[in-house]
**Student:** 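Encoded as structure tokens, here's the structure I'll be asking about.
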Amino acid sequence: MDSESSKSAFNQIMEAINAKGVNMIGLHGMPGVGKTTLAKEVGKHAREQKLFDKVVMFTMSQNPNIRTIQDKVAEMFGLNFDKNTEEGRAEELFRSMQRVNKILVIVDDLWEEFKMESIGIPFGDDHEGCKILLTTRRQQVCTKMNCKEIQLGILSKDEAWVLFRDKAGLEDDCSTLNDVAKEVAAQCKGLPLAIVVVAKALKGESLNEWRDANQRFKDSTHLYDEEVLGGVLEPLKLSYDYLKKGINQMTGINDIQMCFLLCSLFPEDEEIDTEILITCGIGVGLFPYVSLIEDKRKKIVEALKKLKKSGLLLETDGADTIRIHDVIRDFAHWLTSTGENRFMVKDTLKEWPHMDESYTAIALWNCSSIIKIFPDKVEFSKLKTLFLVGERKRKRDDFLVVFGTFFEEMKALQVLLLQRVSFSLKGLPSLPNLKTLWCYKCRLKNFSSSLTNMRSLEILALIGTEIDEISEELVKLSALKYLRLSNVGVEREMNIPPNLVSRLTSLQELHVISANNLNLLELKSLSRLTALSLELSANQIPLEDFVLPKLQRYGVVVGEIYAVNREAFIRTLVILDYSSSLSAFNNLFCNVEELILWDVGGQKNIVPSIDEMGVNELTSLHLASCDDMEFLIDTKNDQGSTVAFSNLVELKISSMVSLKGLCYGVSPTRFLQNLKQVSIKDCEELQVIFQIDKLSERMKYQTPLLSNLTELSLHSLPKLKMIWEVKPSHRAIASLQSLKVVRIESCHNLKTIFSPCLALSMLHLQELDISYCDRLEQVIGFGQEGEIIENDCLLYCWPKLRVLSIHHCESLKYISTNTLIQSLESVYIENCHQLIQIYNMEQNIVLPELGSQGFPLLESIYLSNCPQLLHVFKNDSSLCCWPKLRSLRIQYCPNLKYVCATTWTQGLQSLESVYITECSQLIQVFNMEQNKHGQDIVLPELGSQNHCWTKLKTLQIEDCQLLKYMFANTLSQGFPLLESLYLKNCPQLLQVFSSTEERDVIGDHILLNVPLLKNLEVSNCPQISCFIVQAQHIEELVLSNVGNSRQLCNTDVPVLNEGCIVVGNHEEVFQVQGGYSFSSIKKLKLRNLFEARVIWNDFAQVVTLENLTTLTLSDCKKLRYIFSPMMARSLSHLKDLSIEGCEEIERLILDKDQVSSSSSNGDTSHQPMSFRNLTWITVTNCKNLNSLFPFGFVPVLPMLESLIVKRNSKLEQVFELEKKVEVVAEEKMKFDNLKGLLLEELPGLIQFCPKGYHFVFPEMMQLKVRDCPKLTTGFFIDSQRFVHCKTKMVEQDAVEESTTVQNAIFNENIDWNRCLRESQLPHIT
């Protein structure tokens, strides 16, 4: 992402991703300009920065396969579909994605307008947290889909030259070659794809070759076709033509070019199976001068490597697949649209296309089983290659049906690839030139009877294909060299007739990859066999002196296991659950490359028991549950001539109960010299892994032992005392110079990890992860017995260590003493109860490649539960500078006094999150460097400027009893991105923000401008200085016990030009100014604010609280009221209301008469009052409260579920009838959701419901009334156990009162529960 265009597009995309209201972004540009690369970069950045909970990317292409895309997305969300239809799956995926908060979906290579809902991707109103980035060549797609459009332009001339020069391997000088190269680079039209392809093609060529290429560019202007491929054709054609170079064939198409063209027959963006490509290539006659299939295979693999190097093919994650870029595939289709080799490739075919007979290759993918006008017969006299593939469908029996006559006029056919096709071979005509028949998931009828028509067949592959039999007819294929049988037939075991295989004497490759009944003795007759893939049961191994033949490639699996399926790509032998003699495999052991032994008994070692020659071609060894094995090699009886395990790269050992070590005796020559990865777990007897003290004399003059080891993983080795045992005299012959990753877990006897001499060699260590090692005392074992260090002040340098993770190591005291680890990116330390310090650097040394002091790459620090930890980084000689630190999290470190002794806060400019809790000794988080007079030192280059924390988003400090200061000398504008501020239980905290700038201080108040602040909580910080917060987007505010033991905030809080929040002991919490409404607040909790008289002085009636869901007020002793009438009418989302100990409150809602006459919104007072979402109400200990809610004709609390009213001594009525309301007849009102009602210790309560009203509670579960002596409201239940209540009329109206009211319970204690049968409440019909 070096070009200005890509940087600009990247920044625009990130801006759009963060913008509200933008849910779809469209990146458009020419083919080959780098859209996919940039989209991947965006995805990578989003993952690394944790901008989203999930990042998903998939490719659409011209003919998208919706099911495949749904599967890929579902896998990312851990979803297994229950439904089969695309629509049903889309619905499941839609619901699953809606449950994830923030998602980025990257849709690559979109060609048409497309409804994302058809895949199941929610966005817009359905999911505001889901952002979609799509890439397309066509701008109109962006426009039609209402995208935020971003164009990715081509490279500038200079940028194009830099990329071209780099890929062509040219020097940056003024040579004649560079002059010509610049002209060639200019012909690539600034397209990255074209530049890379051409530069790679000409890399290393002579000046004449460059001139020739330049001239050809100038002569081929007819190739330039803006409509088809923009400016990519010319450079690609040049690269394609260069494939002929050095093969003495400059006319026609050579084998490498044909290999490339064959790749274009496969679907867009599909990973191409190289095995299929190889067999098709052999079928069309590639490399005709080579006779053996094995040699042809090597030639084709070589050709594919050359195509990848030239940029015409792409690598994939798998070793057995390759890919072709869609633009280059289009170029190949353009090449084969005319001339001798005409290709046709179609995808998602619904009807038969019009075709003439001149095609030499046809590939029809995903043909519908109900294809229209599918011909019985077609005439293709030149056709050599045919791929016919049915539609991918859930139903296994839904095949594309083809008649045998269809192939009648294809006499030149050499390669036939069929997938999901059903046809009978009975009428199959003679196909005299057919060389390759590859059938995958097909249904073939009358298979054997038709084999006589394919006498030239060399390659036959039947994979997952139902056939009626594998019969003797196979013998008639006298030219058959390659036979692949996999999952054939319905039965699990493949039935191969006796003596059939032994008569296939031309066979060079045999691959039988499923259970079978093959008699291994038949393999003796196959003298030409070079490759074998075979699954065998133990009883198929003959008991006589049988030895499998020597082979160039094999994948043999002995024993039943479903997870192991080995192809003969490399020489692999897997033996499972086997206790007989292994002599049958002697010819395989001598050249085996990958060996897996699981539960193999009777062997004490590999060498010499299994192979005396030392398995020197072995690269990968997996051992598991081989209970008798004690060592890999036993050299006690060796005369010193053995070379063993010299090429072993990967060693995995698990559950080996008798394993004592790797080598018994003196280590042999070149032992483990290429070892890169070691993983050992659950070996209960293992005490030492690498015994470097037992070495032969010859070893001392070879490559240092372990010098190639890159990864070491040890797990659950309870008796392990040492990883490496090194004698002082052997220090020079052992080195960990390549070691990158060390992971050690549950090795409870281990006291140190590295010896000092090995630690000196670890220049490439990147990740160190140690956990659950109870006795571990030191990472580097200083003063080990028997090891004398000449200089204890040696400097240990790990210049590439990125990740340090240590947890649950109870005895560890020090991690790195005198070890340079300035390259650290992440530190994670947890539950290390003896740890005193993490890093101590006595010498002031700077790594030259990092170029600065401190930790220039450190991004995150996590420390938890380290009770003895005194310092994080102790370094008295230099300032701590962490310019990339993003996250600082420290918890439960009661002895920690400061994070770093001397911190240069200007070196913390990337900090995003600070979380510190339960650090009782912490005095100051960032301790400034001070001189001997106790004054802060100002760095000369900084002058006297204050600090800005421009990226800080979250600051959370809790339970730090001694903490006094957080940030010193910080500008109020220094927190432009702060979103959350939590300060809790810090009784000594005096100041969080301080500043000497006049504009930042108003009176004695510090002004904090935090435009993005959403969450603010200050609780139990009684010493804190008052500060004023300007936060327009505040969503959650909690103030509790703030500044109460200090002097009161200056009552003259300055009038600002916009609304603000006063954090301190002040009589007004919100200052309403400039028409600002605080409408974003969702949660408001105020506790122990003893001076607060009003929450907001809303004389202008501007405060609207439409998003407020939770309001909690506790012990605000002087608070007089909460809402104005207009404010109360805006509370449409309020769900939870809790008021406790607010002694001065008389009313929750200010009476209309008390509202200023200046209100411009007086007319709203005529609207009825209703809290339509209020669900839970608790009001306790408000001794002056007179009434709770005004009451009109509409249900005032339709969603109410719980109402608790206790100890409010002056409360007379819960629902106060509004003055204008006159009740003519009895009004019945239902509270449909009220489940719990509690009225306790209310000596003044006269009525619960107003006179003239009859309340019904159909869902009431619990009713409790206690100590309400004046209550005139009575309660009763009906036959449905619905609770009712009415209030007594006055004396003169008593005659009219119904029997219902007379029989109800008044002013008595009630404790009623619906679940209890006995009822205190009278039943009244």
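The analysis underlying the following values was restricted to heavy atoms, covering all of them including side chains, and did not include hydrogens, waters or symmetry mates. In this chain, residues are counted from 1 in sequence order.
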**Student:** Tell me, please, whether Tyr862 has Arg889 positioned over its six-membered ring: NZ or CZ under 6.0 Å from the ring centre and within 45 degrees of its axis?
**Tutor:** no
**Student:** How about Glu15: does its CD atom have over 12 heavy atoms from other parts shown lying under 6.0 Å from it?
**Tutor:** no
**Student:** Answer yes or no: is there a donor N or O on one side and an acceptor on the other, between the side chain of Ser5 and the main chain of Gly153, under 3.5 Å?
**Tutor:** yes
**Student:** Considering only NZ, NE, NH1 and NH2 on the basic side and carboxylate oxygens on the acidic side, decide whether Arg323 and Glu315 come within less than 4.0 Å.
**Tutor:** no
**Student:** I'd like to know if Glu270 and Arg392 make a salt bridge, using a cut-off of under 4.0 Å between side-chain N and carboxylate O.
**Tutor:** yes
**Student:** Quick one: do Arg95 and Glu91 make a salt bridge, cutoff under 4.0 Å?
**Tutor:** yes
**Student:** Under 3.5 Å, is there a donor-acceptor pair between the side chain of Thr336 and the main chain of Ala332?
**Tutor:** yes
**Student:** Could you walk me through whether Glu92 and Ser96 pass side-chain hydrogen bond (donor to acceptor under 3.5 Å, both in side chains), step by step?
**Tutor:** CA-CA 6 Å; Glu92 285 184 65; Ser96 177; over 6 Å; no
**Student:** Just by distance, no angles: are the side chains of Gln139 and Glu149 close enough, under 3.5 Å, to form a donor-acceptor pair?
**Tutor:** yes
**Student:** Check this for me, if you would: do Lys20 and Glu128 make a salt bridge, where the nitrogen-to-carboxylate-oxygen distance has to be below 4.0 angstrom?
**Tutor:** no
**Student:** Are the side chains of Lys148 and Ile13 in touch, meaning some heavy atoms are under 4.5 Å apart?
**Tutor:** no
**Student:** Do the rings of His45 and Phe10 sit parallel, tilted or perpendicular, given the 30° and 60° boundaries?
**Tutor:** perpendicular
**Student:** Step by step, work out the side chain to side chain contact (heavy atoms under 4.5 Å, CB included) result for Thr135 and His28.
**Tutor:** CA-CA 6 Å; Thr135 75; His28 63 89; over 6 Å; no
**Student:** Classify the side-chain pair Ser3/Ser6 by whether it contains a donor and acceptor separated by less than 3.5 Å.
**Tutor:** yes
**Student:** With a cut-off of 6.0 Å (strictly less than), are more than 12 heavy atoms of other residues, nucleotides or ligands near CD of Glu75?
**Tutor:** no
**Student:** Hey, mind stepping through Arg47 and Asp53 against salt bridge (charged side-chain N to carboxylate O under 4.0 Å, His left out) and telling me if it holds?
**Tutor:** CA-CA 8 Å; Arg47 278 190 204 93; Asp53 301 316; over 6 Å; no
**Student:** Does a donor on one side chain sit under 3.5 Å from an acceptor on the other, for Thr37 and Glu41?
**Tutor:** no
**Student:** If we only count heavy atoms from C-beta on, is the Cys259 to Leu307 side-chain gap below 4.5 Å?
**Tutor:** yes
**Student:** Apply the side-chain hydrogen bond (donor to acceptor under 3.5 Å, both in side chains) test between Arg89 and each candidate in Asp71, Asn84, Asp82; give the one that qualifies.
**Tutor:** Asp71
**Student:** Answer yes or no: is there an ion pair linking Lys144 with Glu113, defined by an N-O contact shorter than 4.0 Å?
**Tutor:** no
**Student:** For His127 together with Phe94, are the ring centres under 6.0 Å from each other?
**Tutor:** no
**Student:** Do Asn366 and Asp347 get their side chains close enough for a donor-acceptor pair, meaning under 3.5 Å?
**Tutor:** yes
**Student:** Main chain of Met76, side chain of Lys54: is a donor-acceptor contact present, judged purely on distance under 3.5 Å?
**Tutor:** yes
**Student:** With a 4.0 Å cut-off on N to O distance, would you call Glu979 and Lys953 a salt bridge?
**Tutor:** no
**Student:** Mind telling me whether Trp365 and Phe266 have parallel, tilted or perpendicular rings, with 30° and 60° as the class edges?
**Tutor:** tilted
**Student:** Would a 4.5 Å heavy-atom cut-off, applied to side chains only, mark Cys263 and Leu313 as touching?
**Tutor:** yes
**Student:** Are side-chain heavy atoms of Leu885 and Ser910 found at a separation under 4.5 Å?
**Tutor:** no
**Student:** With rounding to the nearest 0.5 angstrom, report the CG to CD distance, Leu824 to Gln766.
**Tutor:** 12.0 Å
**Student:** Verify, without hydrogens or angle tests, whether Asn18 (side chain) and Met14 (backbone) share a donor-acceptor contact under 3.5 angstrom.
**Tutor:** yes
**Student:** For the pair Arg886 (side chain) and Glu859 (backbone), establish whether a donor and an acceptor sit closer than 3.5 Å, ignoring hydrogens and angles.
**Tutor:** no
**Student:** Please check if atom NZ in Lys740 has more than 12 non-hydrogen atoms from other residues, nucleotides or ligands closer than 6.0 Å.
**Tutor:** no
**Student:** Just so I know, are the side chains of Ile324 and Phe260 near enough to count as touching, which here means a heavy-atom distance under 4.5 Å?
**Tutor:** yes
**Student:** Where the side chain of Gln257 meets the backbone of Leu243, is there a donor-acceptor pair that is under 3.5 Å apart?
**Tutor:** no
**Student:** Within the side chain of Gln70, is there an N or O that forms a donor-acceptor pair under 3.5 Å with the backbone of Glu86?
**Tutor:** yes
**Student:** Between Glu767 (side chain only) and Arg802 (backbone N and O only), is there a donor and an acceptor less than 3.5 Å apart?
**Tutor:** no
**Student:** With a 6.0 Å cut-off (strictly less than), is the heavy-atom count around NZ of Lys167, excluding the residue itself, greater than 12?
**Tutor:** no
**Student:** Please lay out, stage by stage, how Val389 and Leu364 fare under the test side chain to side chain contact (heavy atoms under 4.5 Å, CB included).
**Tutor:** CA-CA 6 Å; Val389 181; Leu364 304 176; over 6 Å; no
**Student:** Is the shortest side-chain heavy-atom distance between Ile322 and Leu314 below 4.5 Å?
**Tutor:** no
**Student:** Taking atom OH of Tyr915 as the centre, does the number of heavy atoms from other residues, nucleotides or ligands within less than 6.0 Å exceed 12?
**Tutor:** yes
**Student:** Quick check against the 3.5 Å criterion: does Ser337 have a side-chain atom that pairs as donor or acceptor with the backbone of Trp334?
**Tutor:** yes
**Student:** Please indicate whether Glu112 has more than 12 foreign heavy atoms, meaning atoms of other residues, nucleotides or ligands, lying under 6.0 Å from its CD.
**Tutor:** no
**Student:** Answer yes or no on whether Lys102 is positioned over the face of Phe52, meaning its NZ or CZ is under 6.0 Å from the six-membered ring centre and within 45° of the axis.
**Tutor:** yes
**Student:** Strictly distance-based, threshold 3.5 Å: is any side-chain N or O of Thr279 a donor or acceptor partner for the main-chain N or O of Glu275?
**Tutor:** yes
**Student:** Can Asp108 and Met60 be said to form a side chain to side chain contact (heavy atoms under 4.5 Å, CB included), step by step?
**Tutor:** CA-CA 6 Å; Asp108 191 32; Met60 287 295 283; over 6 Å; no
**Student:** Would you indicate whether the side-chain heavy atoms of Pro64 and Ile69 approach each other to under 4.5 Å?
**Tutor:** yes
**Student:** Measuring only between side-chain heavy atoms, which start at C-beta, is Phe387 closer than 4.5 Å to Cys280?
**Tutor:** yes
**Student:** Test side chain to side chain contact (heavy atoms under 4.5 Å, CB included) on Met97 and Ile121; report intermediate values, then the result.
**Tutor:** CA-CA 7 Å; Met97 290 179 74; Ile121 295 172; 4.1 Å; yes
